[in-house]
Structure formats: C-alpha cells, structure tokens
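Here the structure comes first, spelled out in structure tokens, and everything after it is commentary.
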Amino acid sequence: MAEQTSDQTTPLLRRNWWRSRLSAFPFTGSLRLKTSLLSELGGSVGDLGTYIPIVLALTLVSNLDLSTTLIFTAFYNIITGAIFGIPMPVQPMKSIAAVAVSEIPHLTVPQIAAAGISTAGTLLFLGVTGLMSFFYRFIPLPVVRGVQLSQGLAFAFSAIKYIRYNQDFTSTKASATSPRSWLGLDGVILALTCVSFLILVTGSGEVVEDNEDEDRNDRRRVRRRLRTLSEIPAAVIVFLLGLILCFVRDPSIIHDIKFGPSKIHILKITWEDWKTGFLRGAIPQIPLSVLNSVIAVCKLSADLFPEKEVSATRVSVSVGLMNLVGCWFGAMPCCHGAGGLAGQYRFGGRSGASVAFLGLGKLVLGLVFGSSFVRILSQFPIGILGVLLLFAGIELAMASRDMNSKEESFVMLVCAAVSLTGSSAALGFGCGIVLFLLLKLRELDCFDSCFGRSNNETSLNP
C-alpha cells in the first residue's frame with residue numbers, strides 16, 4: 001500500500017514542480033491572482049475614467065507625447081503591481097494637469113516635467129527622511145476621511161457632467177448651454193445603459209461569498225447567481241464597447257493610424273522652465289500629492305486590504321522615483337491616487353496582477369500605435385468615461401462610512417465641505433486639523449480648570 005501511495009503522489013509533485021520554482025522568484029506572490037482572471041481584468045480598467053481625459057487634454061493642448069507617456073506609465077503599473085501586491089493605481093498629477101490645460105499661457109512640456117520632478121523630489125525627501133510616515137501616523141482619521149469624501153464626490157460630480165453635457169477637454173470646462181443629446185453613439189441613453197449594466201453585474205461592489213450554513217435553498221441560489229455575475233469583467237466590456245464606437249463614429253481614423261512608437265529623448269529644461277513649473281505647477285500639486293496620493297491611499301489600502309500593509313514611506317518613495325525618471329523623457333507626471341485604487345477595487349481588482357495587466361495593455365498600445373492612438377481616444381464616447389469615473393468616485397466616497405461618532409462625522413463633513421467649495425484639498429485639510437484640535441481642546445484639564453471650576457463654585461455658592 002505504501003508503494004502504491006508513493007506511485008500516485010509522485011506524478012502530482014512533478015506536475016507542481018514548475019509552480020514551486022516559479023514561487024521562488026521575487027514578487028511572484030504579489031502578481032498571483034486573488035480572484036478570477038476576468039475579475040482582475042475588470043479591475044484593471046477601473047481608473048481609466050480619470051486617466052484618459054487628462055492624458056487626452058495634455059496631448060491636445062500641451063503637445064504631450066502620448067507614446068512616451070503610455071510606455072512609461074506601463075512600466076510604472078507593472079513595477080508597482082509587483083512591489084505592492086495590490087491594484088495600486090498610476091494616475092496623472094491632476095493639479096499640474098489642470099494648470100497646464102486651463103491657465104493661460106499653457107504650460108509647455110518642459111515646464112510640466114519640471115513641475116513633476118519638483119513634486120517628486122519633495123515626496124522622495126519626505127519618504128526617505130521618514131517624515132511622511134510621521135504625518136501618516138498622527139494625522140486624524142476623520143480629516144483623512146474628509147479628504148477622501150471630497151475627492152470621491154468631486155469625481156462623481158465630474159462624472160455627471162461628462163454624462164449630461166458635451167465636453168471640451170482643451171478647456172477642462174463643461175458647457176452648461178450644450179447638453180448632450182439623448183440619442184446617438186455618445187448620448188445620454190448609451191451612458192445610462194452602461195450604468196444599468198454595471199449595477200446589474202457588480203451591484204454595490206460588495207464581495208459575495210458562499211455560506212455553507214445557509215438554511216434556505218433559494219438564498220443559496222441567489223448567492224451563487226451573484227457570484228457568477230461578479231465574475232463578469234463588466235468594466236472591460238464597457239471600455240471595449242467605447243473603443244469599438246470610436247471607429248464607428250469616425251471610420252476615417254483608421255487611415256490616420258501610424259504604427260511604431262515615438263522616438264524617446266531627454267528633455268532640455270531651462271532655468272525659466274524650472275521656475276515656472278515649480279511656482280505654477282508644483283506648489284499646488286505638492287499638498288494634494290501628500291494627502292491624496294500617499295496618506296489617503298495608505299488609509300484606503302488598509303481598509304480594503306488589511307492583510308497587506310502599505311507604508312507611507314514606500315508609497316512616497318515610489319511616486320518620487322517614478323517621476324524622477326519618466327519626467328526627464330517627457331512622460332506625464334504621475335502619482336498613486338485613492339480614487340484609482342477605489343475604482344480598480346470596485347470592478348474586481350484584488351492583486352498586483354490587475355494593474356500589471358493594465359500596464360501590459362498600455363505597453364502594447366504605446367509600442368504598436370505610438371502617438372497616433374490619440375486620434376482614437378479623441379473619438380472615445382465621453383459619456384462612457386463618465387460612467388467609469390462615477391463608480392470610482394462613489395467607491396472612494398464610501399470609504400468614509402466608518403465614521404460612527406458624531407464628533408468624527410462633524411470633522412469629516414466640515415473638511416469635505418471646505419475642500420469642495422474651496423476647490424482645494426489642502427484648504428479642507430487645514431480646516432479639518434484646526435477643527436479637530438479645537439474639539440480635543442475642550443477635553444483637556446486646563447480647559448476644564450478655566451471654565452468648569454468657576455461653574456462649580458457658582459453652583460455651590462449661590
């Protein structure tokens with residue numbers, strides 16, 4: 001019997017030999033699928049609702065080289081997926097992009113690069129010195145939740161504008177007098193159909209698990225059906241629909257496609273470019289990167305992936321190194337955003353493989369189509385981008401639902417309100433910190449000795 005057992009188990013060990021060898025390589029565990037392949041693919045496109053509009057705007061207005069950006073952000077995606085082991089997003093630095101596109105005169109590519117390098121240098125310094133970890137440990141959670149809530153709602157508001165109104169990304173403003181038509185290949189009905197499809201497939205984004213102890217057979221059938229639906233890569237299907245509609249809306253774009261990547265070269269950045277890029281681009285971007293790209297990302301990853309610790313130091317250093325390399329070659333300044341992480345998690349991303357798949361896709365597009373791919377993106381239905389952005393924004397905003405006490409909710413809502421109305425996460429953050437400290441001051445003994453003792457004496461000596 002022992003010999004028979006040995007004969008039966010040996011072939012199994014041989015078949016699994018390659019897996020044991022593969023697991024010996026570094027970062028293999030980070031890229032191992034935690035769910036199905038289709039779910040990870042669905043999560044890979046979860047943040048394209050913000051990525052595509054900003055890249056398209058910078059390409060059209062500031063003459064950013066799309067091929068270079070696709071290639072470098074592809075490597076960013078693959079490397080961060082392998083290092084962090086979660087769907088860590090790679091998103092544009094939004095404040096720099098907004099200044100580059102909306103302010104006159106527009107920032108040039110060297111000035112955009114200077115802004116990205118300056119921001120990256122600051123984050124790298126904060127990460128290496130340990131200051132970023134200090135900020136992460138001592139910043140109150142209600143303040144961080146307020147920043148996340150404001151960013152999520154801002155994404156959702158922008159998504160509604162994408163769906164309802166025609167967009168001109170060269171001005172980054174919605175035209176309130178030009179509502180989007182209901183019918184057509186980029187109409188409101190198409191966007192609402194995509195919203196309905198995503199809700200039917202993904203629901204509210206909850207994780208459905210089998211319960212073997214469930215007594216009712218009908219409930220077990222419902223849970224199995226929900227698990228089957230959750231395996232459908234809904235976001236990928238919606239995105240592929242958008243790509244198909246690009247060629248349907250304008251078949252002539254086929255003739256404008258040129259194969260091969262653009263020539264990559266090092267930028268020449270003058271002293272004037274450094275000065276303009278730092279003053280106009282880096283100064284408003286640095287506080288946003290510290291809050292949303294590092295602190296909020298770490299807090300959100302702790303909520304979504306409690307078993308996978310992501311330190312503020314590693315995230316800060318990651319953002320710094322990415323841009324200290326890519327920006328010199330004209331790639332778009334990038335960071336890790338809480339909104340992107342929420343969007344990729346919302347559509348099924350659970351491991352580093354999710355963003356690695358996205359990176360491989362970007363790499364293929366950058367090497368095969370080069371900068372001519374911008375011609376395709378210019379015809380992408382904006383309403384579909386709004387749909388993807390809407391779900392990412394709502395998922396990020398829902399991270400604030402753990403504020404249970406009235407005091408925590410008060411701080412969070414004031415921080416979010418100031419951030420939204422002032423259009424500045426740094427301003428909301430500052431107000432949230434002040435408010436939090438004032439509330440804690442009421443509980444100190446010195447405050448009680450000044451006011452509480454006099455009240456007691458008054459009550460004892462009428």
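Note that the coordinates shown come from a computational prediction; the quantities given were computed from them, not determined experimentally.
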Open item on the list: Before you tell me yes or no, could you show the steps for Phe84 and Val315 under side-chain contact (heavy atoms from CB on, under 4.5 Å), namely the whole-Å CA-CA distance, both residues' side-chain angles and the distance that decides it to 0.1 Å?
Closed with: CA-CA 9 Å; Phe84 293 104; Val315 175; 3.9 Å; yes
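- Summarising the geometry, atom OG1 belonging to Thr50 is positioned 4.0 Å from atom CD belonging to Gln91; distances are rounded to the nearest 0.5 Å.
- No donor-acceptor pair under 3.5 Å is formed between the side chain of Gln344 and the backbone N or O of Gly46.
- Note that CG of Leu420 and CG of Leu153 are 6.0 Å apart. Values are rounded to the nearest 0.5 Å.
- Note on Arg32 versus Glu40: no salt bridge recorded, every NZ/NE/NH1/NH2 to OD/OE distance being 4.0 Å or above.
- Gln285 contributes a side-chain N or O that, together with a main-chain N or O of Ile96, makes up a donor-acceptor pair within less than 3.5 Å.
- A salt bridge does not link Asp303 with Arg401: every distance from a Lys NZ or Arg NE/NH1/NH2 to an Asp or Glu carboxylate oxygen is 4.0 Å or more.
- Contact of the Tyr136 side chain with the Val294 side chain is not registered, since no non-hydrogen atoms from C-beta on lie closer than 4.5 Å.
- For Asn323 (side chain) and Cys334 (main-chain N/O), a donor-acceptor pair under 3.5 Å exists by modelled atom type.
- The nearest pair of heavy atoms linking Cys335 to Ser293 is SG-OG, 3.1 Å.
- One finds no salt bridge joining Arg442 and Glu407 here, because no Lys/Arg side-chain nitrogen approaches an Asp/Glu carboxylate oxygen to under 4.0 Å.
- Taking each heavy atom of Leu341 and Pro87 in turn, the nearest pair found is CD1-O, 3.4 Å.
- In this structure, the side chain of Arg180 engages the main chain of Ile163 through a donor-acceptor pair within 3.5 Å.
- Inter-residue side-chain proximity for Arg145 and Asp402 is flagged as met; some heavy-atom pair is nearer than 4.5 Å.
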- [ ] For the pair Val236 and Phe347, evaluate side-chain contact (heavy atoms from CB on, under 4.5 Å) and give the outcome as yes or no after the intermediate values.
- [x] CA-CA 9 Å; Val236 172; Phe347 291 114; over 6 Å; no
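- Nearest heavy atoms, Leu324 versus Leu124: CD1-CD2, 3.4 Å.
- Side-chain atoms of Ile384 and Phe239, non-hydrogen and from C-beta on, never get closer than 4.5 Å to each other.
- Atoms CE and OG, from Met412 and Ser150 in turn, are 10.5 Å apart once rounded to the nearest 0.5 Å.
- Using a 4.5 Å heavy-atom threshold, the side chains of Leu48 and Tyr51 count as touching.
- For the residue pair Ser318/His336, the side-chain donor-acceptor check at 3.5 Å is satisfied.
- Taking the side chain as every heavy atom from C-beta outward, Asp273 and Thr108 approach each other to under 4.5 Å.
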TODO: Tell me, with the steps shown, if Asp65 and Phe329 meet side-chain contact (heavy atoms from CB on, under 4.5 Å).
DONE: CA-CA 10 Å; Asp65 190 274; Phe329 297 92; over 6 Å; no
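- Checked by atom type and distance alone, the side chain of Ser372 pairs as donor or acceptor with a backbone atom of Phe369 at under 3.5 Å.
- For the atom pair Ser204 OG and Ile394 CD1, the distance stands at 12.0 Å (nearest 0.5 Å).
- In the model, Ser289 has no side-chain atom that pairs as donor or acceptor with a side-chain atom of Thr119 under 3.5 Å.
- Annotation: side chain of Val147 is in contact with side chain of Cys415 (closest heavy-atom distance under 4.5 Å).
- Panel note: side chain Thr276, backbone Glu272; a donor-acceptor pair is recorded below 3.5 Å.
- Contact check for Asn292 versus Val297: no side-chain heavy atoms found under the 4.5 Å cut-off.
- Tyr162 has its ring centre no less than 6.0 Å from the ring centre of Phe155.
- Side chain of Ser409 to main chain of Lys406: no donor-acceptor pair is present (N/O by atom type, distance under 3.5 Å, no hydrogens or angles).
- Taking every heavy atom of both residues into account, Gly42 and Ala235 meet most closely at O-CB, 3.5 Å.
- Listed for the Thr73 side chain is a donor-acceptor partner under 3.5 Å among the backbone atoms of Leu70.
- Between the side chain of Ser354 and the main chain of Ser351, no donor-acceptor pair closer than 3.5 Å is present.
- Annotation: side chain of Val374 is not in contact with side chain of Ser378 (no heavy-atom distance under 4.5 Å).
- The structure places CZ of Phe157 at 11.0 Å from CG of Leu390, a figure rounded to the nearest 0.5 Å.
- Of all heavy-atom pairs between Val144 and Ala296, the closest is CG1-CA, 4.1 Å.
- Open room surrounds CD1 on Ile266; 12 or fewer heavy atoms of other groups in view lie less than 6.0 Å from it.
- To the nearest 0.5 angstrom, Leu360 atom CG is 9.0 Å from Asn77 atom CG.
- At most 12 non-hydrogen atoms from other residues, nucleotides or ligands lie less than 6.0 angstrom from CZ of Phe410.
- For Phe357 against Ser44, the heavy-atom pair with the smallest separation is CB-CB, 4.5 Å.
- Checking side-chain atoms of Asp186 against main-chain N and O of Ile382 turns up a donor-acceptor pair under 3.5 Å.
- Side chains of Ser39 and Arg350: a donor-acceptor N/O pair is absent below 3.5 angstrom, by distance only.
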Open item on the list: Pair Ile269, Trp328 - check side-chain contact (heavy atoms from CB on, under 4.5 Å), show working.
Closed with: CA-CA 9 Å; Ile269 306 177; Trp328 282 103; 3.9 Å; yes
